[in-house]
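Here is the structure we will look at.
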Amino acid sequence: MASLTTLSTYAASLLGIKLSDEQIGKFERLTELLLRWNERMNLTAITDPADIAIKHYLDALTIARVIPRFDGLRLIDVGTGGGFPGLPLAIVFPGLQVTLMDSTAKKLRFIDDVAQSLGLENVSSLHARAEDAGRERPHREAYDIVVARAVARMPVLAEYTLPLCKPGGQVIAMKGTSAFEETAEAAKAIIALGGELFSLDEVTLPTLDNPRYLIVIDKIKPTPRRYPRKAGLPSRQPII
Ligand code: SAM
């Protein structure tokens with residue numbers, strides 16, 4: 001697939017990631033499965049393989065710009081939908097344990113099919129709402145890295161993500177041009193939940209007009225027990 005040769009070139013030149021033939025084969029299979037399942041359910045509005053390679057795969061891999069080493073770490077992708085950004089990270093970094101969480105069970109059936117077809121032993125799926133998982137023992141403060149793309153505005157997303165993150169770990173929110181405004185809006189929530197803004201990185205992807213941003217939040221202390229609040233409350237009454 002020509003689109004994956006382009007992915008390979010950009011991953012190397014922009015991110016210093018060298019994709020093996022086996023990994024390129026897995027991305028090829030992922031594209032096939034994504035397009036096939038997308039006929040039956042709404043996983044992505046992007047259906048051109050060249051766009052998928054840039055807007056889903058390369059975009060997901062930009063997280064490597066802010067995480068120097070993934071080996072031995074646990075990552076959770078909150079609101080993973082069709083598996084982004086979690087699946088490309090799992091393909092490229094087999095030493096990273098990746099949990100893909102979504103509140104919609106049928107999307108996780110797709111994830112399970114992909115994990116099995118691609119032989120991704122470092123992937124598990126979790127059917128849960130972020131607000132519930134953040135209060136449950138196996139998930140609360142259990143992950144080194146918490147990532148999310150296109151799930152909620154930052155004050156809400158802070159309450160979905162920070163309770164899942166270990167003190168000493170990091171939350172990475174992938175955002176578009178609203179990143180600065182959303183970060184300012186979330187200042188109170190980030191502090192209340194035990195976080196501290198570390199950086200806001202601009203990422204320019206080839207062929208895209210608008211820049212993308214990685215908002216990196218350090219988890220500097222435990223999240224108070226009252227958070228996350230009951231499912232639905234963070235989005236109805238964000239901490240602002
Ligand atoms: N992250 C993917 C991407 O960027 O392509 C999917 C984004 S999609 C717009 C948002 C996803 O977040 C949906 O699959 C939805 O079911 C999930 N979601 C929304 N609120 C959630 C919550 N509170 N807990 C878990 N998943 C949630």
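Basis for what follows: all heavy atoms, side chains included, without hydrogens, waters or symmetry-related copies. Counting starts at 1 for both ligands and their atoms, following the listed order.
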*asked:* Is it the case that the side chains of Ser125 and Asp112 hold a donor-acceptor pair, with the cut-off being a distance below 3.5 Å and no angle test?
replied: yes
*Which residues pass the side-chain hydrogen bond (donor to acceptor under 3.5 Å, both in side chains) test with Asn42, sequence neighbours left out?*
none
*Hey, mind stepping through Glu159 and Arg229 against salt bridge (charged side-chain N to carboxylate O under 4.0 Å, His left out) and telling me if it holds?*
CA-CA 8 Å; Glu159 193 166 350; Arg229 291 167 294 162; 2.7 Å; yes
*Which ILVMFWY residues are connected to Leu200, directly or by a chain of links, through side-chain heavy atoms under 4.5 Å apart?*
Ile76, Val78, Met101, Leu126, Tyr143, Val146, Val151, Met154, Val156, Leu157, Tyr160, Leu162, Leu164, Val171, Phe180, Ile190, Leu193, Leu197, Tyr213, Ile215, Ile217, Tyr227, Ile239
*asked:* Which label fits Phe110 and Trp37: parallel for a plane angle under 30°, tilted from 30 to 60°, or perpendicular past 60°?
replied: perpendicular
_Set of side-chain contact (heavy atoms from CB on, under 4.5 Å) partners for Leu14, sequence neighbours left out_ = Tyr10, Leu58, Pro206
What are the polar N/O contacts of ligand 1 with the protein below 3.5 Å, with distances?
residue  : atom   : partner : partner atom : Å
ligand 1 : 1 (N)  : Gly79   : O            : 2.8
ligand 1 : 1 (N)  : Phe84   : O            : 2.7
ligand 1 : 1 (N)  : Arg149  : O            : 2.8
ligand 1 : 4 (O)  : Arg149  : O            : 3.3
ligand 1 : 4 (O)  : Arg149  : NE           : 2.6
ligand 1 : 4 (O)  : Arg149  : NH2          : 3.3
ligand 1 : 5 (O)  : Arg149  : NH2          : 3.0
ligand 1 : 14 (O) : Asp102  : OD1          : 3.2
ligand 1 : 14 (O) : Asp102  : OD2          : 2.7
ligand 1 : 14 (O) : Lys107  : NZ           : 3.1
ligand 1 : 16 (O) : Asp102  : OD1          : 2.6
ligand 1 : 16 (O) : Thr104  : OG1          : 3.1
ligand 1 : 23 (N) : Glu131  : OE1          : 3.0
ligand 1 : 24 (N) : Ala130  : N            : 2.9
ligand 1 : 26 (N) : Ser103  : N            : 3.3
ligand 1 : 26 (N) : Ser103  : OG           : 3.4

